[in-house]
Every structure is written in structure tokens, then in C-alpha cells.
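Down below is the structure, laid out as C-alpha cells.
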Amino acid sequence: MKKEVILNILLSIGMLALLVSAFLPLVLNSYSLYPWLRYIFVAAAFIIVVVRVLQRLGSRKVKKYSLRVRRLQAIEFWSSLCYLISALFLLSDPYHSTWLGFLTAGAVIQVYASFMIDRVLKKEAKGK
């Protein structure tokens, strides 16, 4: 398998683990019932950050993308850092909603960058 495919699979697993470990306590209304979900959240956030760092290092070597796409990929990296900050707030005080703010901010940035990367790549493909 290519390195890029493996990183995308790891990113998908990390995102799913992040979603499940953030959503279950909200539905069950407590982290005290399942305290191990916090550690899954932290591990998933860490995996996402590592994958984004490796993706950025890989894309710097290959100059196949335009400057705008590379900037949007940098924005995706910053969204992963929002997830990591959210994980730190979750570990320090799980009963305060600060971690939800950073999680939401990271998700909004991630969705924006994902859609814009796809749009820019399609626009560039039409122009060529």
C-alpha cells in the first residue's frame, strides 16, 4: 500500500474514534460512567495530529498542488490542533464545556477545508 493510503486509513480511524468517544458521553450524560472514553478521545486526537503532520511533510516534498490547496491543507492541520487542545481540556476538566468549543471549532474548520480543497482541485482540473 502507498503511504498516502495508510495515512488516510489512520485518519479515518482516528476521526471515528474521536466521534464515538465524544458522542457517547453526551448521550449518556456523564463521563463518570465511562472514564476510559476520555483516554480514547485523547489517543484519537493524538493520532489525528500525527497523521496531519506526516501528510504535511509528504506534501511539501511533492509540489503537485497549488499554493491555495497547500494553504487549505495547513488549515486542516490547525483543525487537528484544535482537537488536541480539546483533548487537553477534556482531561483537565471533563465537566466543563470548553472542550466542546474546541472540538466544534476543529470540526467546522475541518469541514470547510475539506470542501474547499475538493472545490479548488475540481476548478483547477477544469482549467487545464
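In this text the structure is predicted, and so the values were computed from the model without any measurement.
- Between Trp99 and Leu88, every side-chain heavy-atom pair lies at or beyond the 4.5 Å cut-off.
- Following chains of ILVMFWY side-chain contacts shorter than 4.5 Å, one can reach Val50 starting from Leu7, so the two form part of one hydrophobic cluster.
- When every heavy atom of Pro25 is checked against every heavy atom of Val20, the shortest pair comes out as CD-O, 4.3 Å.
- Annotation: side chain of Leu67 is in contact with side chain of Arg71 (closest heavy-atom distance under 4.5 Å).
- Grouping Ile, Leu, Val, Met, Phe, Trp and Tyr by side-chain contacts under 4.5 Å, direct or through others, leaves Leu16 on its own.
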In sequence, state the C-alpha distance, the side-chain angles, and the governing distance for Thr98 and Asp93, and then conclude on side chain to side chain contact (heavy atoms under 4.5 Å, CB included).
-> CA-CA 9 Å; Thr98 309; Asp93 188 14; over 6 Å; no
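- By the 4.5 Å heavy-atom criterion applied to side chains, Ile109 and Trp78 are not counted as neighbours.
- The shortest non-hydrogen separation linking Ile47 to Leu10 is CG2-O, 3.9 Å.
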From CA spacing to verdict: side chain to side chain contact (heavy atoms under 4.5 Å, CB included), Tyr83, Leu18 = CA-CA 9 Å; Tyr83 298 146; Leu18 192 77; 3.8 Å; yes
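- Here the side chains of Tyr112 and Leu72 are in contact, with some heavy-atom distance below 4.5 Å.
- A heavy-atom distance below 4.5 Å is found between the side chains of Leu11 and Gln55.
- With a 4.5 Å cut-off on side-chain heavy atoms, Leu84 and Phe102 do not count as touching.
- Rounded to the nearest 0.5 Å, atoms CZ (Arg56) and CZ (Phe77) are 6.5 Å apart.
- In plain terms, the two heavy atoms of Gly14 and Ala44 that are nearest each other are O-CB, 3.4 Å.
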Distance-only criterion, 3.5 Å: show the donor-acceptor pairs between side-chain atoms of residues 113-120 and protein atoms not counting sequence neighbours.
from, atom 1, to, atom 2, distance (Å)
Ser114, OG, Gln110, O, 2.8
Ser114, OG, Gln110, NE2, 3.3

For the pair Ser21 and Tyr39, evaluate side chain to side chain contact (heavy atoms under 4.5 Å, CB included) and give the outcome as yes or no after the intermediate values.
-> CA-CA 9 Å; Ser21 61; Tyr39 301 110; over 6 Å; no
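- The CE atom of Met15 lies 4.5 Å from the CD1 atom of Ile48; values are rounded to the nearest 0.5 Å.
- The environment of CZ in Phe46 is sparse: at most 12 heavy-atom neighbours from other residues, nucleotides or ligands sit within 6.0 Å.
- Looking only at side-chain heavy atoms (C-beta outward), Leu121 and Val69 come within less than 4.5 Å of each other.
- Taking both residues in full, the closest heavy atoms of Leu103 and Ala22 are given as CD2-CB, 3.7 Å, listed atom of the first, atom of the second, then distance.
- Both Val5 and Ile13 belong to a single network of hydrophobic side chains, linked directly or stepwise wherever heavy atoms of I, L, V, M, F, W or Y lie under 4.5 Å apart.
- When all heavy atoms are compared, the tightest approach of Leu37 to Leu24 is CD1-CB, 4.0 Å.
- At a threshold of 4.5 Å between side-chain heavy atoms, the hydrophobic network of Ile, Leu, Val, Met, Phe, Trp and Tyr places Leu57 and Leu81 in one connected group.
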